[in-house]
Amino acid sequence: MANGSMRTLRAIYNHARKTNRSLPSDNPADAVDWNVDERRNTGMGPVDLKGWFVELAVLDNPVRKEFHLFTLLCGSRPTALQEAKPEHVDFRRRTLHILKPKGGRKKAFDIPLSRQMILCLIRAIRTSCSKIICAVSSRQSAVPYLLR
């Protein structure tokens, strides 16, 4: 928490320095003795996958199963996938274009689709065709309907 406070102070000071050049060039946060930060260990490892697949099999909604499997396979943020629309999927090029990821439109990127990812999409489409047609016709985000 102390490191976070000092990072915030450093950012605020740097921003203020840009607009007010009369401030001293030395950032007060530069004199701080930082605490050692340990990275959070929240990711899944190979050991965790067996239990994850067991939990996935228990889900009742087949589209939601495909969404979680697709998220695992591509490694993208779930919210980025939920923002995607059917027109962002290019089966010919085997890509899914993420138009507006966490960093905004400037950080847009394409996710290459493996065979298993394409199969996820196809299974989701087959099990929820009526939802897809409804979502596309109303111009709402449709990939959540495909993948959830």
Trainee: Hydrophobic cluster mates of W34, side-chain heavy atoms under 4.5 angstrom, ILVMFWY only, any path?
Mentor: M6, L9, V32
Trainee: Going by the rule side chain to side chain contact (heavy atoms under 4.5 Å, CB included), which residues pair with L119 if we only count those two or more places apart in sequence or in a different chain?
Mentor: R115, Q116, R123
Trainee: Flag the pair H88 / L99 as yes when at least one side-chain heavy-atom distance between them is below 4.5 Å, and no otherwise.
Mentor: yes
Trainee: When clusters are formed by joining ILVMFWY residues with side-chain heavy atoms under 4.5 Å apart, either directly or through shared neighbours, do V58 and L72 land in the same one?
Mentor: no
Trainee: Show me the donor-acceptor pairs within less than 3.5 Å that the side chains of residues 46-57 make with the rest of the protein, sequence neighbours left out.
Mentor:
{"residue": "D48", "atom": "OD2", "partner": "G45", "partner atom": "N", "Å": "2.8"}

Trainee: Output the distance between atom OG (S76) and atom NZ (K102), rounded to the nearest 0.5 Å.
Mentor: 12.0 Å
Trainee: Can you name the side chain to side chain contact (heavy atoms under 4.5 Å, CB included) partners of N20, sequence neighbours left out?
Mentor: S22, L23
Trainee: Taking the side chain as every heavy atom from C-beta outward, state whether T71 and R77 have any pair of such atoms under 4.5 Å apart.
Mentor: no
Trainee: Please report the interatomic distance CG(L113) to SG(C74), rounded to the nearest 0.5 Å.
Mentor: 8.5 Å
Trainee: Side-chain donor-acceptor contacts of residues 10-18 below 3.5 Å, not counting sequence neighbours, with atom names and distances?
Mentor:
{"residue": "Y13", "atom": "OH", "partner": "P24", "partner atom": "O", "Å": "2.6"}
{"residue": "N14", "atom": "OD1", "partner": "N27", "partner atom": "ND2", "Å": "2.9"}
{"residue": "N14", "atom": "ND2", "partner": "R10", "partner atom": "O", "Å": "3.3"}
{"residue": "R17", "atom": "NE", "partner": "P24", "partner atom": "O", "Å": "3.4"}
{"residue": "R17", "atom": "NH1", "partner": "R21", "partner atom": "O", "Å": "3.3"}

Trainee: Residues sharing V36's hydrophobic cluster, by side-chain heavy-atom contacts under 4.5 Å among ILVMFWY, directly or via others?
Mentor: none
Trainee: Applying salt bridge (charged side-chain N to carboxylate O under 4.0 Å, His left out), can you list everything that pairs with R7, at least two apart in sequence or on another chain?
Mentor: D37
Trainee: How long is the gap from OG on S114 to CZ on R94, to the nearest 0.5 Å?
Mentor: 7.0 Å
Trainee: Show me the side-chain donor-acceptor pairs of residues 105-112 shorter than 3.5 Å, one per line, residues at least two apart or across chains.
Mentor:
{"residue": "D110", "atom": "OD1", "partner": "H97", "partner atom": "ND1", "Å": "2.5"}
{"residue": "D110", "atom": "OD2", "partner": "R93", "partner atom": "NH2", "Å": "3.4"}

Trainee: Sequence neighbours left out, what pairs pass salt bridge (charged side-chain N to carboxylate O under 4.0 Å, His left out) with at least one residue falling in residues 22-31?
Mentor: none
Trainee: With sequence neighbours excluded, tell me which residues meet side chain to side chain contact (heavy atoms under 4.5 Å, CB included) with R92.
Mentor: D90
Trainee: About how many Å separate CG of L81 and CZ of F70, when rounded to the nearest 0.5 Å?
Mentor: 6.0 Å
Trainee: Output all residues satisfying side-chain hydrogen bond (donor to acceptor under 3.5 Å, both in side chains) with S25, sequence neighbours left out; order by chain, then residue number.
Mentor: none
Trainee: Test K65 against D60 for side-chain contact (heavy atoms from CB on, under 4.5 Å), laying out the working first.
Mentor: CA-CA 8 Å; K65 284 182 187 180; D60 291 331; over 6 Å; no
